[in-house]
Amino acid sequence: MVDRLTIERRSWLMSRVRGKNTSAEIRVRSAVHARGLRFRLHRKELPGCPDIVFPKWRTAIFVHGCFWHRHLGCKKATTPKSNQAFWQDKFERNVARDSANLAALRSNGWHAEIIWECETKSPLALAARLDQIFDNAQVQGDAV
Ligand SMILES: [Zn+2]
């Protein structure tokens with residue numbers, strides 16, 4: 001099947017999918033930092049190279065873009081009109097890879113969670129989402 005996307009465009013797309021240090025990710029990092037929690041970034045030795053990792057609590061957070069990672073029911077998870085087969089295939093592979101990474105982490109005893117890009121827009125909503133994740137994983141701030 002001939003794909004009309006050039007190689008350059010395709011590799012640009014790939015780099016966007018794996019994008020690190022996105023603004024959503026930076027918003028999550030600041031919110032976590034404000035709580036006085038210590039974390040590591042992009043641990044390559046863990047499945048999927050999670051964006052934010054709390055080794056002490058075996059907790060890993062992925063900050064996912066709603067479009068690339070297909071946030072279910074989210075209005076940002078649109079499908080471009082052209083090259084639909086290409087997009088469909090790409091999206092399916094992203095979703096499959098994401099769920100395999102979550103499963104791999106969880107089966108190794110990690111608390112692995114996704115924070116969606118759209119959940120980072122409102123500081124209040126983000127704080128609530130972080131509370132939920134930290135409660136589940138029983139993450140507590142280091143002694144102040
Ligand atoms: Zn979303």
Side-chain angles (χ1 to χ4, degrees), residues 1-140:
M1 188 182 70
V2 178
D3 190 318
R4 283 181 300 159
L5 288 175
T6 64
I7 287 167
E8 278 146 36
R9 172 110 183 129
R10 191 186 277 276
S11 68
W12 176 80
L13 288 171
M14 298 303 173
S15 73
R16 296 281 298 166
V17 179
R18 308 289 194 110
K20 295 296 170 197
N21 303 313
T22 60
S23 50
E25 197 183 318
I26 287 162
R27 283 194 289 272
V28 176
R29 268 191 234 163
S30 323
V32 169
H33 187 74
R35 295 178 183 225
L37 295 172
R38 302 174 64 80
F39 54 89
R40 313 294 299 271
L41 299 175
H42 309 140
R43 297 280 85 187
K44 290 196 174 63
E45 71 275 17
L46 293 175
C49 184
D51 299 304
I52 299 173
V53 176
F54 304 88
K56 192 169 162 187
W57 295 284
R58 281 182 91 76
T59 297
I61 296 175
F62 293 93
V63 182
H64 277 347
C66 300
F67 176 77
W68 296 105
H69 297 270
R70 312 316 282 167
H71 186 195
L72 218 60
C74 178
K75 63 176 195 283
K76 300 267 184 178
T78 55
T79 301
K81 295 272 189 289
S82 60
N83 284 312
Q84 285 206 342
F86 165 80
W87 289 105
Q88 209 57 47
D89 177 60
K90 166 125 221 64
F91 291 149
E92 275 165 21
R93 278 184 290 135
N94 287 350
V95 169
R97 186 172 47 224
D98 290 343
S99 81
N101 288 334
L102 281 182
L105 282 162
R106 287 172 179 164
S107 72
N108 278 311
W110 282 78
H111 299 274
E113 299 286 346
I114 293 170
I115 294 181
W116 294 100
E117 178 187 10
C118 66
E119 294 176 315
T120 68
K121 296 284 163 75
S122 141
L124 271 181
L126 177 56
R129 182 72 184 104
L130 286 172
D131 283 344
Q132 194 180 42
I133 291 171
F134 293 153
D135 284 354
N136 282 341
Q138 299 186 311
V139 172
Q140 283 136 21

| Taking only residues at least two apart or on different chains, which pairs with a member in residues 77-88 satisfy salt bridge (Lys or Arg N to Asp or Glu O under 4.0 Å)? | none
| Would you call Phe62 and Ile52 a side-chain contact if the rule is heavy atoms closer than 4.5 Å? | no
| query | Is Lys76 atom NZ crowded by more than 12 heavy atoms from other residues, nucleotides or ligands, each under 6.0 Å away? | reply | no
| query | Which atom pair, heavy atoms only, marks the closest approach of Asn94 to Trp68? | reply | ND2-O, 2.9 Å
| Contacts of type side chain to side chain donor-acceptor pair (under 3.5 Å), residue Asp131, not counting sequence neighbours | Arg35
| field | Asn108 backbone acceptor or donor facing Arg58 side chain under 3.5 Å | value | yes
| Who are the side chain to side chain contact (heavy atoms under 4.5 Å, CB included) partners of Ser122, not counting sequence neighbours? | Leu124, Ala125
| said: Can you give me the closest heavy-atom contact between Phe54 and Ile61, atom names plus distance? | reply: CE1-CD1, 3.8 Å
| remark: Here the pair of heavy atoms bringing Pro50 nearest to Leu105 is CG-CD1, 4.2 Å
| message | I'd like to know if the side chain of Asp89 and the backbone of Ala85 have a donor-acceptor N/O pair within less than 3.5 Å. | response | no
| message | Working to the nearest 0.5 angstrom, can you tell me the gap between Gln132 CD and Ile115 CD1? | response | 9.5 Å
| remark: Of all heavy-atom pairs linking Ile114 and Glu119, the shortest is O-OE1, 4.1 Å
| remark: Glu113 meets the side chain to side chain contact (heavy atoms under 4.5 Å, CB included) criterion, sequence neighbours left out, with Arg106, Arg129, Ile133, Asn136
| query | Could you go step by step and tell me if His69 and Asp98 meet the side-chain hydrogen bond (donor to acceptor under 3.5 Å, both in side chains) rule? | reply | CA-CA 8 Å; His69 297 270; Asp98 290 343; 2.6 Å; yes
| message | Looking only at the side chains, is there a donor atom on one of Thr22 and Arg27 sitting less than 3.5 Å from an acceptor on the other? | response | no
| Distance-only, no hydrogens or angles: does the Asp51 side chain make a donor-acceptor pair with backbone N or O of Val63 under 3.5 Å? | yes
| Under the side chain to side chain contact (heavy atoms under 4.5 Å, CB included) test, which residues partner Ala31, sequence neighbours left out? | Leu126, Leu130
| request: Would you please name every residue forming a ring pair (Phe, Tyr, Trp, His ring centres under 6.0 Å) with Trp116, sequence neighbours left out? | output: His64, His71
| task | For Glu117, enumerate each residue passing the salt bridge (charged side-chain N to carboxylate O under 4.0 Å, His left out) test, keeping only those at least two apart in sequence or located in another chain. | result | none
| remark: Between Cys66 and Ala77, the two heavy atoms sitting closest are O-CB, 3.7 Å
| Minimum side-chain heavy-atom gap Arg93-Gln88 below 4.5 Å | no
| query | Residues two or more places apart in sequence or in another chain: which of them pass side chain to side chain contact (heavy atoms under 4.5 Å, CB included) with Pro55? | reply | Arg40, Val53
| Minimum heavy-atom distance Leu41-Phe39, with the two atoms named | CD2-CE1, 3.7 Å
| task | Output yes when a side-chain donor or acceptor of Ser30 lies under 3.5 Å from a complementary backbone atom of Val28, and no otherwise. | result | no
| task | Would you please name every residue forming a ring pair (Phe, Tyr, Trp, His ring centres under 6.0 Å) with Phe91, sequence neighbours left out? | result | Phe67, Trp87
